[in-house]
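Notes to accompany the following structure.
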There are 2 protein chains.
Amino acid sequence: MARRPANGLTQADLMLRHWREAVPNDRLAHLVKDATRGLHRSLQGRLARHNVAFGHWVFLRILWVKDGVTQRELSEDAGLMEPTTFSALTAMEKLGYIERRKLPHSRKNMYVFLTPAGRALKKKLVPIAEEVNEIAVRGVDPADVATTRRTLLAMIENIASDEAEAAALAGPRKPRAKKDADFKEPDEPAPHREVAE
Amino acid sequence: MARRPANGLTQADLMLRHWREAVPNDRLAHLVKDATRGLHRSLQGRLARHNVAFGHWVFLRILWVKDGVTQRELSEDAGLMEPTTFSALTAMEKLGYIERRKLPHSRKNMYVFLTPAGRALKKKLVPIAEEVNEIAVRGVDPADVATTRRTLLAMIENIASDEAEAAALAGPRKPRAKKDADFKEPDEPAPHREVAE
DNA sequence: GCTAAATGCTTAGAGGTCTAATTATTGCGG
DNA sequence: CCGCAATAATTAGACCTCTAAGCATTTAGC
């Protein structure tokens with residue numbers, strides 16, 4: 001197949017080229033990944049015009065619904081790890097979209113509040129997200145989109161339960177965490193698990 | 001028991017639908033992203049046991065099929081930008097999986113070759129990727145997987161053509177534009193704050 | 001042949017995500 | 001009451017990816 005060293009290729013061009021060719025069965029993961037990258041790029045480009053970083057979007061969306069939550073809770077709702085949340089919030093605070101405050105009843109928890117500026121973003125940003133999604137599924141049978149949704153959810157659940165299983169098999173061990181040389185032989189099926197949930 | 005609304009759905013059905021289907025369209029992007037993250041974690045964990053980084057996998061896979069290609073070509077096949085390829089290859093060379101060489105007929109191109117060690121990984125790694133994919137789609141109707149594949153591809157194409165359109169509108173510039181940066185249509189003053197720190 | 005453009009590689013810098021470890025606070029059992 | 005375990009926030013460091021820009025080489029146009 002002729003490969004043209006055409007320059008000026010965009011990310012999207014590269015992806016398309018890449019997917020138009022034979023797609024063996026084990027490429028589903030790559031398809032999913034490329035779709036993620038495409039959606040990411042598309043939303044990111046639009047958000048950037050409003051001085052909003054892609055990584056902030058998810059937190060704004062949560063805060064538009066429930067304001068004044070802890071970072072911890074924000075992390076859980078966003079499905080991200082705490083350091084990720086932390087750095088996003090730090091940046092968002094600098095940008096003036098949120099405010100982080102400790103409340104009198106706890107000196108441990110950090111509560112996050114939208115500023116008026118952060119709240120005002122909602123009107124502009126929500127349509128953007130809707131537009132991106134509309135573009136993405138344009139011309140696709142809604143039933144197929146629903147099927148895709150179901151399938152993706154099933155995949156997420158499958159992977160999660162596989163991880164849970166693997167964790168259980170690895171045994172409720174001491175907190176060792178060195179991923180040094182390759183030693184990890186889950187041959188020992190953990191006699192009795194007092195796995196407290 | 002549960003009284004059924006006019007549409008014949010129970011309360012539980014509604015809830016399920018809320019999370020699985022009837023959620024706003026903009027959640028599809030999150031579903032896709034979470035699926036990517038799950039697949040990523042799953043494959044990464046397994047590859048790590050063989051001292052292979054997730055980001056190296058895609059290049060190994062290409063090289064197992066065609067060895068001795070330029071970095072440029074590797075980038076296109078992988079669907080990644082050149083700096084990404086570059087840093088991955090640099091790391092892979094340090095690990096002894098590949099070798100980068102210039103050939104006599106060109107002092108510009110850098111050709112990439114697998115070392116025996118890199119080639120030997122194939123036997124161990126390919127089954128791993130297949131396993132991850134098998135786990136992910138376990139219990140899912142193959143027809144649904146096929147639909148998902150089609151839908152994701154359509155989404156990628158939709159996004160790509162949207163980008164192409166936007167690029168065309170932005171002006172038919174030279175591919176390797178220097179520091180044009182001329183075009184910018186701020187819909188508002190845009191404070192333009194750099195997070196310089 | 002000589003310059004200018006195109007091409008390929010590299011560097012610099014950023015964003016977003018993770019894991020592991022550290023610090024500060026809270027709450028609980030003895 | 002005291003100290004230790006649990007919890008929340010933070011810091012540090014790593015990886016993957018991108019864009020922008022710089023350098024080196026090759027090609028093409030005059």
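Between the side chains of A:Arg150 and A:Thr147, at least one donor N or O lies within less than 3.5 Å of an accepting N or O.
Listed pair A:Arg37 / D:dC18 meets the phosphate criterion, a side-chain N or O lying under 4.0 Å from OP1 or OP2. Side-chain nitrogen and oxygen atoms of B:Thr84 include none within less than 4.0 Å of the OP1 or OP2 phosphate oxygen of D:dC16.
Among the protein residues, A:Ser87 comes within range of the nucleic acid bases, having at least one heavy atom under 4.0 Å from a base atom. When heavy atoms are screened at a 4.0 angstrom cut-off, B:Ala53 is found touching the sugar-phosphate backbone but no base atom.
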Determine, for nucleotides 2-9 of chain D in 5'-to-3' order, which nucleotides have protein heavy atoms under 4.0 Å from the base (write B), from only the sugar-phosphate (write S), or from neither (write -). -----BSB
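Atom CG in A:Leu89 sits about 14 Å away from atom C1' in C:dT17, given to the nearest Å. To the nearest angstrom, C1' of D:dT17 lies 13 Å from CZ of A:Phe54. For B:Arg41 and C:dT19, the CZ to C1' distance is 13 Å, given to the nearest whole Å. Spacing between atom CD of B:Glu163 and atom C1' of D:dT19 amounts to 14 Å, rounded to whole angstrom units. Rounded to a whole Å, the CG atom of B:Leu103 is 15 Å from the P atom of D:dT25. The distance from atom NZ of B:Lys33 to atom P of C:dC18 is 8 Å, rounded to the nearest whole Å. Across the protein-nucleic acid pair, A:Arg107 atom CZ and D:dT10 atom P stand 15 Å apart, rounded to whole Å. To the nearest angstrom, C1' of C:dT17 lies 16 Å from CG of B:Leu39.
Evaluation of the side chain to side chain contact (heavy atoms under 4.5 Å, CB included) rule for B:His56 yields B:Val52, B:Ala53, B:Ala88, B:Ala91, B:Met92, B:Leu95 as partners, not counting sequence neighbours.
Residue-to-nucleotide proximity on DNA chain C shows that, of B:Thr90 and A:Gln44, the 5′-proximal contact is made by B:Thr90. Residue-to-nucleotide proximity on DNA chain C shows that, of A:Pro83 and A:His56, the 5′-proximal contact is made by A:His56.
Transitive grouping of hydrophobic side chains (ILVMFWY, heavy atoms separated by less than 4.5 Å) brings B:Phe54 and B:Ile128 into a common cluster.
Taking each heavy atom of A:Leu89 and A:Ile98 in turn, the nearest pair found is O-CD1, 3.5 Å.
Candidate nucleotides C:dT26, C:dT19, D:dC18 were compared by shortest atom distance to the side chain of B:Met81, and D:dC18 ranks first.
In this structure, CG on A:Leu28 lies 7.0 Å from OG1 on B:Thr148, to the nearest 0.5 angstrom.
Annotation: side chain of A:Arg100 is in contact with side chain of A:Gln71 (closest heavy-atom distance under 4.5 Å).
A salt bridge links A:Asp77 to A:Lys66: at least one charged side-chain nitrogen sits closer than 4.0 Å to a carboxylate oxygen.
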